[in-house]
Trainee: 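This structure is in C-alpha cells; I'll ask about it shortly.
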Amino acid sequence: MKRSQADGALRVDLQGAVATLTLDRAETRNAMTRAMWAALPPLLEALDEAPEIKAVLLTGANGAFCSGADVTEFPEAFADASAARSYNDLVEAGRAALTALQKPTIAVVPGLAVGAGCGLAIACDLRFAAEGARFAMPPARLGAAYPFPGVRQLVGLIGPARAKDMLYSGRLVGAEEALGIGLVDRVCPADGLMDTALGYAEGVVSLSSNAHRITKHMVQAIEDGTDTETADMRALFDASFSSEDFLEG
C-alpha cells in the first residue's frame with residue numbers, strides 16, 4: 001500500500017500494520033471537498049485489500065479532526081434538487097465505505113468534529129478524543145436534516161434522546177460529555193492522543209485479524225436488526241476454529 005493523496009488533502013502513512021489516514025486542509029480545519037469525498041471509497045477499498053494493513057486510524061491534521069463539508073462548494077452542490085441528491089449521495093458513499101471497512105477503525109479526534117466530520121467519526125468502530133475535542137451535528141442551523149444512515153449510527157451510539165438533543169440544538173459537545181454519553185470511547189491529553197491510539201491499535205493488530213473481521217461482521221448485523229444467529233453467522237463462528245489463526249493460538 002503506497003502513500004496516497006487526493007488534491008493533497010488526504011494522505012495515508014503506515015506504521016507497522018497500522019495505517020493512518022489523515023485529513024489535511026489546515027485553512028478550513030480539514031473540511032471535506034467533493035474531490036475528497038470521491039477519493040475516499042477507492043482509498044478505503046485499497047486499505048481493505050492490503051494484506052499488510054490490519055487496522056486503520058482516521059485523524060485530522062493541525063489540531064482539528066474535520067469541520068464538515070466544505071461550505072464554499074455549497075452553491076454548486078445544492079444548486080437544485082438533482083445536484084443536491086448527487087452531492088449527498090457522494091458524501092454518504094464516503095461514510096458508507098468507512099463503515100464497511102472490514103478492519104478495525106479508530107477515529108482519532110484532536111479537535112473540532114462537526115457535521116460531516118462528526119459523521120466520519122461515528123462511522124468508525126471507536127473514537128479516541130483529545131481533552132479539548134468538540135463534536136456537533138448542526139445541519140438544523142442551515143435548515144437541513146442529517147442523512148438517515150448517520151442518524152441511525154448516532155442513535156445506536158448515544159440513544160434517541162441524546163441524538164435528538166445534538167441534532168435539535170446543533171450545540172458543541174465537549175470531550176468529557178461525549179465520553180459520558182458514549183459518543184467517544186477514550187479521552188486523553190492532546191499531546192498523548194496519537195500515541196494512545198497507536199498503542200491501542202498495535203495491541204489490536206497483534207491479535208487475530210480473522211476474529212476481528214468476524215466480530216465486526218456480527219456487530220454490524222446486530223446493528224442492522226438481526227436478533228438471532230443466522231446460518232451464515234454460525235458458519236463464520238465455526239470456521240474460526242479451523243482457521244490458521246486459531247491453530248497458531
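All figures in this text were calculated on a predicted structure; none of them were measured in a lab.
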Trainee: Among residues at least two apart in sequence or on other chains, which ones pass side-chain hydrogen bond (donor to acceptor under 3.5 Å, both in side chains) with R85?
Mentor: none

Trainee: Tell me, yes or no, whether the heavy-atom count around R25 atom CZ, taken from other residues, nucleotides or ligands under 6.0 Å, exceeds 12.
Mentor: yes

Trainee: Could you pull out all residues at least two apart from T99 that satisfy side-chain hydrogen bond (donor to acceptor under 3.5 Å, both in side chains)?
Mentor: Q153

Trainee: Going by the rule side-chain contact (heavy atoms from CB on, under 4.5 Å), which residues pair with T230 if we only count those two or more places apart in sequence or in a different chain?
Mentor: T226, D232, M233

Trainee: side-chain hydrogen bond (donor to acceptor under 3.5 Å, both in side chains) with R152: which residues, sequence neighbours excluded?
Mentor: D224

Trainee: Ignoring hydrogens and geometry beyond distance, is a side-chain donor-acceptor pair present between D24 and N30 at under 3.5 Å?
Mentor: no

Trainee: side-chain contact (heavy atoms from CB on, under 4.5 Å), that's the test. Do R213 and L236 meet it? Break it down for me.
Mentor: CA-CA 10 Å; R213 179 181 61 82; L236 284 172; 4.3 Å; yes

Trainee: Could you report the tightest heavy-atom contact between C66 and A31, atom names first, then the distance?
Mentor: SG-CA, 4.5 Å

Trainee: Taking CD in E27 as the centre, count heavy atoms belonging to other residues, nucleotides or ligands within less than 6.0 Å. Is the count above 12?
Mentor: yes

Trainee: Considering residues at least two apart in sequence or located in another chain, which fulfil the ring pair (Phe, Tyr, Trp, His ring centres under 6.0 Å) criterion with F74?
Mentor: F78

Trainee: Taking distance alone, no hydrogens or angles, what donor-acceptor pairs closer than 3.5 Å link side-chain atoms of residues 127-149 to residues at least two apart or in another chain?
Mentor:
{"residue": "R127", "atom": "NE", "partner": "L183", "partner atom": "O", "Å": "2.8"}
{"residue": "R127", "atom": "NH1", "partner": "A121", "partner atom": "O", "Å": "3.0"}
{"residue": "R127", "atom": "NH1", "partner": "C124", "partner atom": "O", "Å": "2.8"}
{"residue": "R141", "atom": "NH2", "partner": "S169", "partner atom": "O", "Å": "3.4"}
{"residue": "Y146", "atom": "OH", "partner": "G115", "partner atom": "O", "Å": "3.1"}

Trainee: Go through the side-chain N and O atoms of D70 and T72 and say whether any donor and acceptor fall under 3.5 Å apart.
Mentor: yes

Trainee: Determine, stepwise, if the pair L120 / M32 fulfils side-chain contact (heavy atoms from CB on, under 4.5 Å).
Mentor: CA-CA 10 Å; L120 286 170; M32 293 286 290; 4.1 Å; yes

